Amino acid sequence: MSWIRRRSGWTSPAEVDLFIARFESSAESLSQALRAAAASSAAAAAAETDADTVPFGQLQGTVVGLRYYTGVVNPGEMVALVRQPQNPYDRNAVMVANMDGSQVGHIKKELAAAMAFIMDNNLAKVEGVVPYRNNAFTMPVSLSFWGAEEDKPAFTQRMAQHGFKMNSGGMSTSNGAQGGRPPAKKPVTIPLSAEELKNAFDNLFDGLMESKEGEKEAAELVSTPLLPHQKQALSWMCACENGSTLPPFWEQRGALYYNTLTCFSAKDRPQRVRGGILADDMGLGKTLTTIALILTNFHQGKPLPVQRCTGESSVSYLSARSLPCEKPNLKTKNILWVMPIKQNKKCLTIRTCTSAQREHYTHLCVCVCQETTVLLEDLDFAAALSGSTSSTKPKNKRSAKKAVPEDEELSARATLIICPLSVLSNWLDQFEQHVRADVQPNVYLYYGPERNRSTSFLASQDVVLTTYNVLAADHANKSPLHAVSWLRVVLDEGHVIRNPNTQMAKAVLHLKAQRRWILSGTPIQNSVKDMWMLLAFLQLKPFDIKEWWNRVIQRPVTQGDRAGLLNLQTLVRCITLRRTKSSTVNGRPLVALPKKTVCVEQVELTPQERAEYELARLEGQSTVSRYVAEGSVMSNYADVLAILMRLRQHCCHPDLLAKITSDLTGVATTPAELRQRLVEKLRAVLASGSDEECSVCLESVRLPVITHCAHVYCRPCIAQVVASEREMARCPLCRSDLTISQLVEVPPEELEGEEDGARCERWRTSSKVEALLGNLLRLRSEDHSIKCLVVSQFTRFLSILETPLREQGFSFVRLDGTLSQKRRAQVIQDFQSSAPDSPVIMLLSLKAGGVGLNLTAASHVFLMEPAWNPAAEEQCIDRCHRLGQTRKVFVTKFIVKDSVEENMVKIQRRKQDLVEKAFGSKNTDRKTSRIDDIRALMEL
DNA sequence: ACCGCCGGGTGCC
DNA sequence: ACCGCCGGGTGCC
């Protein structure tokens with residue numbers, strides 16, 4: 001995996017491509033190769049977090065061979081440096097390329113010889129800026145070197161061997177635009193403090209509403225009236241799709257387009273992405289707005305032509321505004337494709353139809369032509385419709401010329417929506433719910449083994465809906481989804497693909513589309529880094545290439561450069577619309593959500609429970625304090641988690657504790673014992689809900705395995721990491737040594753056996769169970785119609801709760817991660833139903849169902865125990881406290897008094913304040929604070 | 001490239 | 001002439 005630094009033997013396919021490209025002199029593949037090389041080398045070099053990257057110094061070099069290449073460079077422009085180990089004249093060759101990947105020249109050979117070693121061994125990352133141009137044959141280039149502190153001596157020595165000495169002073173972290181001539185004026189700026197940076201970053205997505213456009217009505221196909229903020233979003237989205245404004249930081253200068261950050265200039269107009277990020281808070285109706293967009297903005301503000309499914313002979317136009325005549329009295333066949341018809345856009349309509357549809361168009365056109373005079377002027381339109389190439393009128397030159405380059409663009413009809421599995425059914429429901437009953441856009445669910453893989457079929461749909469996993473799986477193996485030119489691709493919950501190294505991310509980037517949207521309630525989760533994937537998907541030039549992103553935004557921002565942050569803010573502002581529940585439109589709140597009341601209910605343990613708890617606590621305390629004293633907390637993290645887990649389980653119910661309680665503190669004497677202990681740790685970690693996401697693929701872990709440092713991954717994912725590293729594989733999360741043989745998984749039969757074991761036991765209650773029952777019974781006596789969510793991270797706790805609920809005659813459903821998609825949809829539908837015999841309680845696993853899950857039928861939420869991640873709790877609450885909720889929402893958090901749970905709550909709060917989002921802090925700080933957390937938890 | 005370098009032509013002044 | 005000097009050819013890696 002490329003984020004783990006390679007020290008030797010580094011080869012990438014891109015190098016081979018570069019070689020081929022060079023000698024076939026294919027500009028297209030060169031530029032592709034450069035992209036690949038830039039992306040992969042940047043990824044490799046960025047393996048160390050940017051906080052660890054320090055400037056090594058600067059050097060003035062020479063670019064030679066300019067006259068052999070076409071790449072043009074402006075004064076101050078940034079250039080890319082790419083190794084060319086296959087160059088037949090010099091294995092040390094270093095190519096210089098400008099922003100669109102055109103080769104500019106080579107680094108002069110003496111310097112290249114020094115740089116080749118540095119670059120091949122990843123001792124440093126090199127960046128170039130051309131300060132000025134002197135002649136047609138060579139030009140100067142100012143090279144800056146960056147790398148890990150510990151590599152600096154080796155780097156300096158190596159350069160010195162070749163007779164190069166660094167200028168250490170005054171490395172500009174931002175672009176070279178202002179640093180024109182060699183003695184660049186060094187602007188005196190105070191770097192942002194970590195605190196300022198964190199604040200600025202947290203607020204990055206705030207206030208992006210401002211005065212974005214007006215409002216736009218949805219097409220008539222949309223049956224649900226849009227709220228004002230949704231009309232604004234629709235208006236903004238249509239403007240984004242139809243407009244052709246330049247991307248941020250580009251300006252027109254004469255005949256050229258100039259990028260003010262990189263100083264690159266291009267002859268061709270850089271396309272601003274036709275799309276953006278809709279980052280509205282959860283519950284503001286991103287799905288509805290997107291459906292409205294699909295139906296409303298097929299092309300240039302015309303609605304999507306949609307098949308009517310009525311058998312009536314009367315034809316009502318789906319949008320009268322888009323038609324030249326209001327309501328022609330037509331008698332046609334019962335199925336009719338209605339296309340927006342407008343003189344100057346007629347080509348568009350023709351190109352969008354299949355041959356079967358063309359029949360209908362022809363039919364329509366003939367009817368229209370017979371009955372109205374308006375369209376009679378459109379003879380070439382009519383001719384085109386009927387498939388005739390000749391025309392009674394000479395072809396309009398402009399439209400004829402236009403039709404050719406737009407040909408491919410016009411062939412696109414379908415919108416591809418990619419979402420997490422958990423919201424798939426929501427999309428289908430919403431299409432059903434928000435589209436007029438008498439029309440039926442073709443929405444195809446591309447999912448399951450029977451999915452139709454025909455490209456032409458998919459391309460002819462109005463909407464194709466699929467999941468990230470299906471897309472990634474297909475991508476590996478001639479994907480039909482990648483063969484279609486989509487009109488529009490929508491990534492729902494787009495933040496799930498923040499790691500560009502994943503298969504999902506790669507699959508998403510390879511989709512072909514004219515318009516691209518990201519929907520996300522939380523567009524950035526942790527760091528600026530996450531932004532890149534979004535920009536790459538949106539193809540926001542030039543930041544879709546990682547090198548430019550890293551140089552111009554990411555590194556400057558992480559190193560506290562104010563200009564960098566400002567640029568990032570501008571960038572985000574240009575492509576994002578975000579409103580929160582507390583935003584206002586014209587002074588009024590967007591949506592009036594009912595009040596939410598959160599209260600903590602303290603639970604007292606019975607004397608017997610308390611005695612058992614104290615026993616476990618003292619035992620755990622002695623173990624952990626030993627680790628603290630030894631300084632071995634982190635390497636024994638799994639043990640620590642397991643100890644905490646046992647305490648947390650004590651707080652909920654004694655039967656949650658694993659029955660096999662081999663001494664965690666003892667020393668394993670046999671491999672079998674060691675294995676057994678790791679199995680327990682894995683089970684504990686999985687059950688804790690603390691880290692069920694695999695950090696490699698970012699999906700919920702499948703085939704979970706645990707490393708001895710207690711990090712959980714999918715087995716195939718971590719196997720890939722190990723395989724790609726051959727020697728010295730390291731845990732991607734904590735960089736501990738890692739081998740395949742140390743990975744441990746839960747034997748499947750044990751999972752089964754455990755369930756059975758739990759069920760066989762005679763049921764007993766616990767203080768927490770009683771606390772919950774008390775609340776549920778009280779509520780039922782007050783109001784029969786109240787529905788409740790009962791949330792726990794421990795699915796076994798949910799199982800335990802089933803017994804008393806059944807005894808008390810509550811009708812309930814259960815939603816956890818084990819449900820199939822079909823079953824899950826059924827459960828949600830049952831629970832949401834207002835039928836008198838519908839379930840009143842849902843037992844909900846905290847990690848079941850991602851965001852977007854709609855459980856507004858419930859108005860009371862019981863959180864059975866605190867979670868490590870308060871955001872997970874919030875998300876859970878938001879499943880019922882969201883648009884569509886009519887009752888006041890009450891949230892009850894059960895916390896056992898004088899227990900690890902109380903300590904967890906304290907740490908939760910502190911985490912939220914400090915650790916979670918503080919980036920730019922050193923690893924050691926984070927580690928220290930984690931150890932501090934553990935001490936606090938164990939009351940040490 | 002208004003350079004540097006190479007190598008062939010040339011050779012008192 | 002095993003040099004110096006001249007001037008044309010030439011020029012990325």
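Note that the structure is predicted; figures quoted are calculated from it, not measured. By convention in this document, chain letters (A, B, ...) are assigned in the order of the sequence lines, proteins followed by strands, and residues within each chain are numbered from 1.
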Using whole Å, report how far [atom1] of [X] lies from [atom2] of [N].
X      : N      : atom1 : atom2 : value
A:E110 : C:dC12 : CD    : P     : 13 Å
A:R83  : C:dC13 : CZ    : P     : 14 Å
A:R67  : C:dC13 : CZ    : P     : 12 Å
A:Q84  : C:dC12 : CD    : C1'   : 10 Å
A:K108 : B:dA1  : NZ    : C1'   : 12 Å

> Centres of the A:F264 and A:Y258 rings: under 6.0 Å?
Replying inline: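 Ring centres of A:Y258 and A:F264 not closer than 6.0 Å.
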
>> Anti or syn, where syn is a glycosidic angle within 90° of 0; which label fits B:dA1?
In response: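 In terms of base orientation relative to the sugar, B:dA1 is anti.
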
> What nucleic acid atoms does A:L66 come within less than 4.0 Å of, heavy atoms only: base, sugar-phosphate, or nothing?
Replying inline: nothing

> Sequence neighbours excluded, which residues qualify as side chain to side chain contact (heavy atoms under 4.5 Å, CB included) partners of A:K109?
Replying inline: A:D90

> Who does B:dG11 pair with, Watson-Crick or G-U, both distances under 3.5 Å?
Replying inline: C:dC3

> Using centres under 5.5 Å plus planes under 30 degrees as the test, is A:F137 stacked with C:dG11?
Replying inline: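 Not stacked by the 5.5 Å and 30° rule.
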
Mind checking the [atom1] distance from [N] to [M]? Whole angstroms is fine.
N      : M      : atom1 : result
C:dC6  : C:dA1  : C1'   : 15 Å
C:dC13 : B:dC2  : C1'   : 26 Å
C:dC5  : B:dT10 : C1'   : 9 Å

>> Please give me the minimum heavy-atom distance between A:L256 and A:S265, naming the atom from each residue.
In response: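 Here A:L256 and A:S265 meet closest at CD1-OG, 4.1 Å.
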
>> So, under a plain 3.5 Å distance rule, would you say the side chain of A:N87 forms a donor-acceptor pair with the base of C:dC13?
In response: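 Yes.
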
>> Considering only residues two or more places apart or on different chains, which pairs with a residue in residues 129-148 of chain A satisfy salt bridge (Lys or Arg N to Asp or Glu O under 4.0 Å)?
In response: none

>> For C:dC12 and A:Y68 - does any side-chain N or O of the residue sit under 4.0 Å from the phosphate oxygens OP1/OP2?
In response: yes

